[in-house]
J.: 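One structure, as structure tokens, below. Some questions next.
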Amino acid sequence: MNRPLHNVLVVEDETAIADTVLYALRSEGYGARHCLLGGQALEALRQHPFDVVVLDVGLPDMSGFEVCRSLRTFSEVPVIFLTARNDEFDRVLGLELGADDYMAKPFSPRELVARVRARLRRSATAAEPAGWQQHGRFAIDREGRRIRFDDHPLDLTRYEYALMAALLQRPGAILSRAQLMDRGWDSAADSADRTVDTHVKTLRAKLRAAGAEPDPIRTHRGLGYALEV
């Protein structure tokens, strides 16, 4: 089974809300784990790497603010608060404790997923080194959004670049269409599986024109695509 690119920890004591959030995240290709209590969440975060934490403020054992305060002593993982309260004091307190975003209940699961995606995108951009990075016959300048093959610049559209950048992030790994859309599209509503296939087809044509033989983009039926560098 293909492993998700990103893992999200959901800390929420209301089971119905947690189930809805977990379903929304997993439907978009994320790995998602659930904790009912703040203490459980802190233990999980010490033992396992997560890319984003969705954290309820009103937990039974300790407040989400206390969880965030403790978390910031050992991790800088992005935190998105969920709360039934929406007054300015709570928002300011949460942000001052190190939270990255804040959503008041009731909220749209689709909007929450979009905020998770945006937070991951910012984290990835901040972690990228400047300048060209070489991957076999490919080179990518993520800051400048440029890709070369054997020193030939590839004239790519926005989505072609996003797909190539995702494949170059994990050369040889099989990425599902959902994972590729997650890395390159602002929301799943912007695209569909067949649209990904269409962009892969145009990418292959541009790579052939640049002298890429055999085709470096491998199709794995029922799984997705991988890039051989």
Side-chain angles (χ1 to χ4, degrees), residues 1-8 25-31 49-52 76-78 100 113-229:
M1 185 175 179
N2 213 26
R3 294 183 63 185
L5 278 174
H6 299 290
N7 292 293
V8 182
L25 290 166
R26 290 166 180 165
S27 296
E28 293 296 322
Y30 295 109
F50 289 94
D51 300 293
V52 175
E76 292 300 320
V77 62
D100 298 270
V113 172
R115 294 197 187 200
V116 167
R117 181 182 296 109
R119 182 49 50 190
L120 287 167
R121 189 179 298 117
R122 292 189 192 103
S123 298
T125 301
E128 289 173 357
W132 289 95
Q133 304 158 51
Q134 196 72 32
H135 298 277
R137 300 174 71 184
F138 290 89
I140 182 169
D141 171 14
R142 294 184 184 274
E143 187 176 12
R145 300 181 67 80
R146 299 176 294 172
I147 297 176
R148 298 189 305 230
F149 179 81
D150 280 351
D151 290 328
H152 296 289
L154 299 176
D155 183 16
L156 304 178
T157 66
R158 168 190 171 187
Y159 291 130
E160 289 169 352
Y161 169 83
L163 291 173
M164 281 298 300
L167 291 167
L168 282 167
Q169 194 171 36
R170 300 184 63 191
I174 302 172
L175 301 184
S176 68
R177 291 170 177 82
Q179 289 174 318
L180 290 169
M181 284 190 288
D182 177 62
R183 301 295 292 175
W185 273 256
D186 290 333
S187 73
D190 291 342
S191 191
D193 285 0
R194 276 182 281 180
T195 307
V196 173
D197 295 339
T198 299
H199 287 299
V200 169
K201 182 177 180 179
T202 59
L203 268 173
R204 283 173 163 154
K206 292 180 180 182
L207 287 167
R208 281 197 304 271
E213 293 290 348
D215 182 7
I217 302 177
R218 304 293 176 85
T219 302
H220 296 264
R221 295 191 182 279
L223 296 174
Y225 296 99
L227 182 69
E228 302 298 328
V229 298

J.: To the nearest 0.5 Å, how far apart are CZ in Arg145 and CE in Met164?
T.: 13.5 Å
J.: What is the minimum heavy-atom distance between Ala226 and Gly172, and which atoms define it?
T.: CB-O, 3.8 Å
J.: Any side-chain heavy-atom pair from Leu227 and Phe138 closer than 4.5 angstrom?
T.: yes
J.: Which residues pass the side-chain hydrogen bond (donor to acceptor under 3.5 Å, both in side chains) test with Ser27, sequence neighbours left out?
T.: none
J.: Please lay out, stage by stage, how Lys206 and Leu156 fare under the test side chain to side chain contact (heavy atoms under 4.5 Å, CB included).
T.: CA-CA 8 Å; Lys206 292 180 180 182; Leu156 304 178; 4.1 Å; yes
J.: With sequence neighbours excluded, tell me which residues meet side-chain contact (heavy atoms from CB on, under 4.5 Å) with Pro171.
T.: His135, Val229
J.: Please report the interatomic distance CZ(Arg117) to NE2(His6), rounded to the nearest 0.5 Å.
T.: 10.0 Å
J.: With sequence neighbours left out, write down each residue that passes salt bridge (Lys or Arg N to Asp or Glu O under 4.0 Å) with Arg146, or none if nothing qualifies.
T.: Asp141
J.: So do Val200 and Arg177 actually touch side chain to side chain, heavy atoms under 4.5 Å?
T.: no
J.: Taking Glu160 for the side chain and Ala162 for the main chain, is one N or O donor matched with an acceptor at less than 3.5 Å?
T.: no
J.: Could you name each residue pair satisfying salt bridge (Lys or Arg N to Asp or Glu O under 4.0 Å) that touches residues 208-229, not counting sequence neighbours?
T.: Arg204-Asp215
J.: For residues 147-154, please give each side-chain donor-acceptor pair under 3.5 Å, one per line with the distance, not counting sequence neighbours.
T.:
from	atom 1	to	atom 2	distance (Å)
Asp150	OD1	Arg137	NE	3.2
Asp150	OD2	Arg137	NE	3.0
Asp150	OD2	Arg137	NH2	2.5

J.: Can you find a heavy atom in the side chain of Asp51 that is under 4.5 Å from one in the side chain of Val8?
T.: no
J.: Would you compute the distance between atom OG1 of Thr198 and atom CG of Leu203 and round it to the nearest 0.5 angstrom?
T.: 11.0 Å
J.: For the residue pair Leu180 and Tyr159, establish whether any side-chain heavy-atom pair is separated by less than 4.5 Å.
T.: no
J.: Would you please name every residue forming a side-chain hydrogen bond (donor to acceptor under 3.5 Å, both in side chains) with Tyr161, sequence neighbours left out?
T.: none
J.: Hey, could you give me the CG/CG distance between Leu168 and Leu163, rounded to the nearest 0.5 Å?
T.: 11.0 Å
J.: State, yes or no, whether a side-chain contact exists between Arg142 and Gln169 at a heavy-atom distance under 4.5 Å.
T.: yes
J.: Would you check if Asn7 and Tyr30 make a side-chain contact, meaning some heavy-atom pair closer than 4.5 Å?
T.: no
